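Only heavy atoms go into these numbers, but all of them, side chains included; no hydrogens, no water, no symmetry mates. Since this is a predicted model, take the numbers as computed values, not measurements. Positions are given from 1, in the same order as the sequence printed here.
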Amino acid sequence: MSTAAREVLVHPDKDALARQTAARLVSRITEAQAARGTASVVLTGGRNGNALLAALASSAERDRIDWSRLELWWGDERFLPDGDPERNHTQAREALLDAVPLEPAHIHVMPPSDGRYAGDAEAAAEAYATELAAAAGPGAPAKVPAFDVLLLGVGPDTHVASLFPEHPALRETERTVVGVHGAPKPPPTRLSLTLPAIRAAQEVWLLAAGDDKAEAVAMALSGPGELQAPAAAVYGRSRTLWLLDAAAASRLPEQE
Ligand SMILES: O=C1O[C@H](COP(=O)(O)O)[C@@H](O)[C@H](O)[C@H]1O
């Protein structure tokens, strides 16, 4: 399993989770930019991912980030037409991206289901994998950049990105991006980073808030099999951080 031990941080409620995670993200991005000139972050969709982006948009701290030197990627995408309100990209634009001076070439959107890869999720996944490999540079063992932070929402069934329990996409060991078919949560067709791509990140941050996540969080942190609980199968090279609110943490065993 992981070489980086999992850390669990519990916040009083979902708003505090979003605000404090936004502040943490600003610090991580500015540290990386100070050290290397650039930073890379993988975004997640879902309620907590969007709440984090909205908190960042309304934070005064956001001006500490040099937005022109930030590369953004996605951990998964709902394979829907460009601009569809259910696309993770559309929701991220509304929550934050349209409000900050990002360099358009640094916003690495997963392809939509219309346009160039019309209806072909496999071709779309392959195109995104090629874009990741180009950014990683020749000879990079993981075929993806060493993302500074990779964000993941945790679904009530323990899914992360679009990797659902017992789904064949979880078994992928070669490709970095796959088309996901028959997802139990709509829409059924999605694109997702695979476990090897996620595990190439320096830091993986898992976000969960609310009572409906409590069971999933307790299960994933209890040492289940990776196919049974995808959230238990992800980790970062240097850090794996579970960022929860009190409701999502309510079924964890008491700490002594
Ligand atoms: O469909 C998705 O769901 C997960 C979790 O979303 P949540 O609303 O239950 O927090 C999300 O992480 C993923 O990016 C998204 O495509």
Side-chain angles (χ1 to χ4, degrees), residues 2 4-35 39-67 69-76 88 91-100 102 147-156 158 160-161 198 201-218 220-221 231-232 234-255:
S2 161
R6 290 179 296 197
E7 298 164 68
V8 179
L9 298 181
V10 182
H11 305 74
D13 55 41
K14 68 176 168 43
D15 295 332
L17 170 66
R19 273 198 320 276
Q20 290 175 31
T21 305
R24 182 181 293 280
L25 189 57
V26 171
S27 297
R28 191 67 202 88
I29 290 169
T30 52
E31 279 165 18
Q33 289 181 331
S40 62
V41 172
V42 180
L43 300 180
T44 177
R47 284 167 283 168
N48 300 127
N50 289 323
L52 162 61
L53 297 186
L56 186 48
S58 60
S59 160
E61 293 286 289
R62 82 181 208 196
D63 295 334
R64 289 177 49 210
I65 294 176
D66 182 343
W67 293 96
R69 294 187 295 129
L70 177 64
E71 302 275 343
L72 290 181
W73 301 87
W74 269 264
D76 77 312
N88 290 336
Q91 294 177 3
R93 283 187 64 178
E94 283 166 10
L96 172 72
L97 308 192
D98 286 352
V100 289
L102 287 154
F147 310 114
D148 292 298
V149 178
L150 186 146
L151 298 164
L152 293 170
V154 179
T158 73
V160 288
I198 291 170
Q202 288 300 336
E203 298 196 10
V204 169
W205 298 3
L206 297 106
L207 310 174
D211 292 330
D212 63 322
K213 302 290 173 78
E215 196 75 45
V217 167
L221 288 170
V234 294
Y235 46 85
R237 287 203 263 189
S238 60
R239 197 168 199 201
T240 308
L241 208 45
W242 282 69
L243 298 162
L244 311 175
D245 77 346
S250 61
R251 299 211 187 160
L252 288 176
E254 293 287 323
Q255 296 298 308

Completion exercise
With sequence neighbours left out, the residues meeting side chain to side chain contact (heavy atoms under 4.5 Å, CB included) with D211 are A247
Completion exercise
In this structure, CG of L52 is separated from CG of L243 (nearest 0.5 Å) by 9.0 Å
Exercise for the section: Could you please spell out the steps behind the side chain to side chain contact (heavy atoms under 4.5 Å, CB included) verdict for V149 and R24? Expected result: CA-CA 11 Å; V149 178; R24 182 181 293 280; over 6 Å; no
Problem - Name of the residue among L96, V42, L97 meeting side chain to side chain contact (heavy atoms under 4.5 Å, CB included) with L72 - result: L97
Problem - Partner of V234 by side chain to side chain contact (heavy atoms under 4.5 Å, CB included), out of T240, V160, V154 - result: V160
Problem - Pairing residues for R19 by the salt bridge (Lys or Arg N to Asp or Glu O under 4.0 Å) criterion, not counting sequence neighbours - result: none
Problem - Between CG on residue L9 and CG on residue L244, distance to nearest 0.5 Å - result: 8.0 Å
Fill in the blank from the handout: Rounding to 0.5 Å, atoms CG (D66) and OG1 (T30) come to a distance of 11.0 Å
Problem - Residues that Q20 engages under side chain to side chain donor-acceptor pair (under 3.5 Å), provided they are two or more places apart - result: none
Completion exercise
Sequence neighbours excluded, the answer for ring pair (Phe, Tyr, Trp, His ring centres under 6.0 Å) partners of W242 is none
Practice task
List for me each residue that meets salt bridge (Lys or Arg N to Asp or Glu O under 4.0 Å) alongside D98, sequence neighbours excluded, and say none if there are none.
Solution key: R93
Problem - Nearest heavy atoms of R6 and A220, plus distance in Å - result: NH1-O, 3.5 Å
Problem - Where at least one partner belongs to residues 51-61, residue pairs that pass side-chain hydrogen bond (donor to acceptor under 3.5 Å, both in side chains), sequence neighbours excluded - result: E61-R64
Exercise for the section: Determine which pairs satisfy side-chain hydrogen bond (donor to acceptor under 3.5 Å, both in side chains) with at least one residue from residues 40-49, sequence neighbours left out, and list them in order. Expected result: R47-D212
Practice task
Answer yes or no: is there a side-chain heavy-atom contact under 4.5 Å between V217 and L252?
Solution key: yes
Problem - By side chain to side chain contact (heavy atoms under 4.5 Å, CB included) - contacts of A39 (at least two apart) - result: I29, A32, Q33, L70, D148
Problem - Test side chain to side chain contact (heavy atoms under 4.5 Å, CB included) applied to A201 - qualifying residues, sequence neighbours left out - result: F147, L150, V204
Exercise for the section: Sorted by first residue and then second, give each salt bridge (charged side-chain N to carboxylate O under 4.0 Å, His left out) pair with at least one member in residues 7-17; sequence neighbours left out. Expected result: E7-R239
Practice task
For the pair S238 (side chain) and Q202 (backbone), establish whether a donor and an acceptor sit closer than 3.5 Å, ignoring hydrogens and angles.
Solution key: yes
Practice task
Could you list the residues that satisfy salt bridge (Lys or Arg N to Asp or Glu O under 4.0 Å) with D76, not counting sequence neighbours?
Solution key: R190
Problem - Exercise: identify the closest heavy-atom pair between A16 and H11 - result: O-CD2, 4.1 Å
Handout entry: Heavy-atom closest contact (A209 atom, L17 atom, distance)
Key = CB-CD2, 3.8 Å
Practice task
List for me each residue that meets salt bridge (Lys or Arg N to Asp or Glu O under 4.0 Å) alongside E203, sequence neighbours excluded, and say none if there are none.
Solution key: R28
Fill in the blank from the handout: Nearest heavy-atom approach of A208 to K213 is CB-CB, 4.1 Å
Exercise for the section: Would you check if the side chain of T21 reaches a backbone N or O of A18 as a donor-acceptor pair within less than 3.5 Å? Expected result: no
